[in-house]
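Atoms considered below: every heavy atom in the structure, side chains included; atoms not considered: hydrogens, waters and symmetry mates. Order of listing sets the numbers, starting from 1, for every ligand and every atom in it.
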Amino acid sequence: MELDEVTISRAILASQMETMLDLLEMDVAVVGGGPSGITCAVYCAEMGLKVGLFEKKLSIGGGMWGGGMMFPRIVVQEEAKEVLDRFGIAAAAFEPGYYVARSVESVSKLTAAACTAGAEFFNLITVEDVVVRADGRVSGLVVNWSPVEMAGLHIDPLMVRCRAVVDATGHDATIAHMVARKGGDLPIRGEGFMWAERAEGNILDHTKEVFPGLYVCGMAANAVAGECRMGPIFGGMLLSGRRAAEMVAAALGHQP
Ligand code: 48H
Ligand code: FE2
């Protein structure tokens, strides 16, 4: 076949524009493409929710790529092994209850499953604000290209509407901080010391709706709650992402 450069350009523009127009209104907007965000997205999509995930960086995966101190391995405990199994991620048994998975395989298989289930990924887009109207609920996101923010260009953003937002932005709990900064009643206690047992044991209790329409999961959930950090054990991230998806689905009237 003969290749035409303009057709290639048209294919990309037409396809992505169509997707962006379609996702101007969605059920769930997940902010952050780390382990908790991807897991939340895959379960939301599998439950039939229209879900878009915004990731400010070029690549999806957040802190999972780097494993522990750049050794691309993550540890997952017994309670979360079923999530690895569910997505076909190989888990090597270490000592009883501890499994080791490869970072690259974990990110890739979770992301692939989310795509297959219908989640849309928007990488290179930074969420810079939220929409809160008279009803006091978070009902949308304010988004811009990450390079605009990086270059400090004065370019106004665009907005998307959604029925629920999930803050999966990791240690920074960026979206929760935005809401708090603008006067929303959302106390943020800040992350505590390293204590894996505590941090992993309590994360599901911290995974919740922290402001009308805004859910937190993953490290952001612990950061908001004043809970400890856990180091490169990722079971809590996977389970928290799944829990957030279940909560959002229940709130929006979608059952598994
Ligand atoms: C778009 C944004 C924005 C924004 C941030 O850090 P993550 O991997 O988050 P989690 O919670 O899924 O996983 C945490 C885990 O990686 C970790 O750090 C652990 C377990 N640490 C323990 C310890 O002791 O240190 O991913 C968050 C993602 C990143 O990719 C950011 O780029 C992205 O969110 N992000 N995307 N708009 N405003 N802010
Ligand atoms: Fe971390």
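- Classification of the Phe54-Phe122 ring pair by plane angle, with boundaries at 30° and 60°, yields parallel.
- In this structure a side-chain-to-backbone donor-acceptor pair under 3.5 Å is present from Glu55 to Gly33.
- If you check each of Gly61, Pro35, Gly170, Gly241 against atom 13 (O) of ligand 1, the one with the closest non-hydrogen atom is Pro35.
- Shortest contact from atom 33 (C) of ligand 1 to any protein heavy atom: Glu55 OE1, 3.3 Å.
- Heavy atoms of other residues, nucleotides or ligands lying less than 6.0 angstrom from NZ of Lys57 number 12 at most.
- Ligand 1 has at least one atom lying under 4.0 Å from a heavy atom of Ile125.
- For atom 8 (O) of ligand 1, the closest non-hydrogen atom of the protein is Gly63 N, 2.7 Å.
- Within the listing of ligand 1, atoms 38 (N), 39 (N) sit less than 4.0 angstrom from a heavy atom of Thr174.
- Taking each heavy atom of Ala245 and Cys40 in turn, the nearest pair found is CB-O, 3.6 Å.
- Inter-residue side-chain proximity for Arg242 and Glu82 is flagged as met; some heavy-atom pair is nearer than 4.5 Å.
- For Glu149, the CD atom counts as loosely surrounded, since its 6.0 Å shell holds 12 or fewer non-hydrogen atoms of other residues, nucleotides or ligands.
- Annotation for ligand 1: atoms under 4.0 Å from non-hydrogen atoms of Thr126 are 37 (N), 38 (N).
- Atoms of ligand 1 found under 4.0 Å from any heavy atom of Gly218, numbered from 1 in the order shown, are 11 (O).
- Atom 5 (C) of ligand 1 has its closest protein heavy atom at Thr169 CB, 3.6 Å.
- In this structure, atom 34 (O) of ligand 1 lies nearest to the protein heavy atom Gly32 CA, 3.1 Å.
- Protein N/O/S atoms found under 2.8 Å from the Fe ion (ligand 2): His171 NE2.
- Interface of Arg229 with ligand 1, defined as ligand atoms under 4.0 Å from a residue heavy atom, comprises 23 (C), 24 (O), 25 (O).
- Residue, atom and distance of the protein heavy atom nearest to atom 26 (O) of ligand 1 are Gly34 CA, 3.4 Å.
- Using a 4.5 Å cut-off on side-chain heavy atoms (C-beta onward), Leu252 and Leu49 make contact.
- Contacts between Ala168 and ligand 1 below 4.0 angstrom, taking non-hydrogen atoms only, involve the backbone exclusively.
- With hydrophobic clusters built from ILVMFWY side chains whose heavy atoms lie under 4.5 angstrom apart, Val216 does not share a cluster with Met219.
- Here Lys56 has heavy atoms under 4.0 Å from ligand 1 in both its backbone and its side chain.
- Among pairs with a residue in residues 98-127, those fulfilling salt bridge (charged side-chain N to carboxylate O under 4.0 Å, His left out) read Arg102-Glu105, Glu105-Lys109, at least two apart in sequence or across chains.
- Between Ile74 and Pro232 the shortest side-chain heavy-atom distance does not fall below 4.5 Å.
- Listed by atom number, the atoms of ligand 1 under 4.0 Å from Met230 heavy atoms are 20 (C), 22 (C), 24 (O).
- Atoms of ligand 1 found under 4.0 Å from any heavy atom of Gly62, numbered from 1 in the order shown, are 8 (O), 26 (O), 30 (O).
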Using a 3.5 Å cut-off and no angle test, enumerate the donor-acceptor pairs between side-chain atoms of residues 154-163 and protein atoms at least two apart in sequence or in another chain.
| residue | atom | partner | partner atom | Å |
| --- | --- | --- | --- | --- |
| Arg161 | NH1 | Glu25 | OE1 | 2.8 |
| Arg163 | NH1 | Asp27 | OD1 | 3.1 |

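- Interface atoms of ligand 1 facing Met194, defined by a heavy-atom separation under 4.0 Å, are 24 (O).
- Donor-acceptor pairing under 3.5 Å is lacking for the side chains of Tyr98 and Glu78.
- Side-chain contacts under 4.5 Å among hydrophobic residues (ILVMFWY), followed directly or transitively, place Met70 with no other residue at all.
- Looking at atom 17 (C) of ligand 1, its nearest protein heavy atom turns out to be His171 NE2, 3.9 Å.
- By the 4.5 Å heavy-atom criterion applied to side chains, Val31 and Leu141 are counted as neighbours.
- Close contacts between ligand 1 and Phe54 involve ligand atoms 1 (C), 36 (N) [criterion: under 4.0 Å to a heavy atom].
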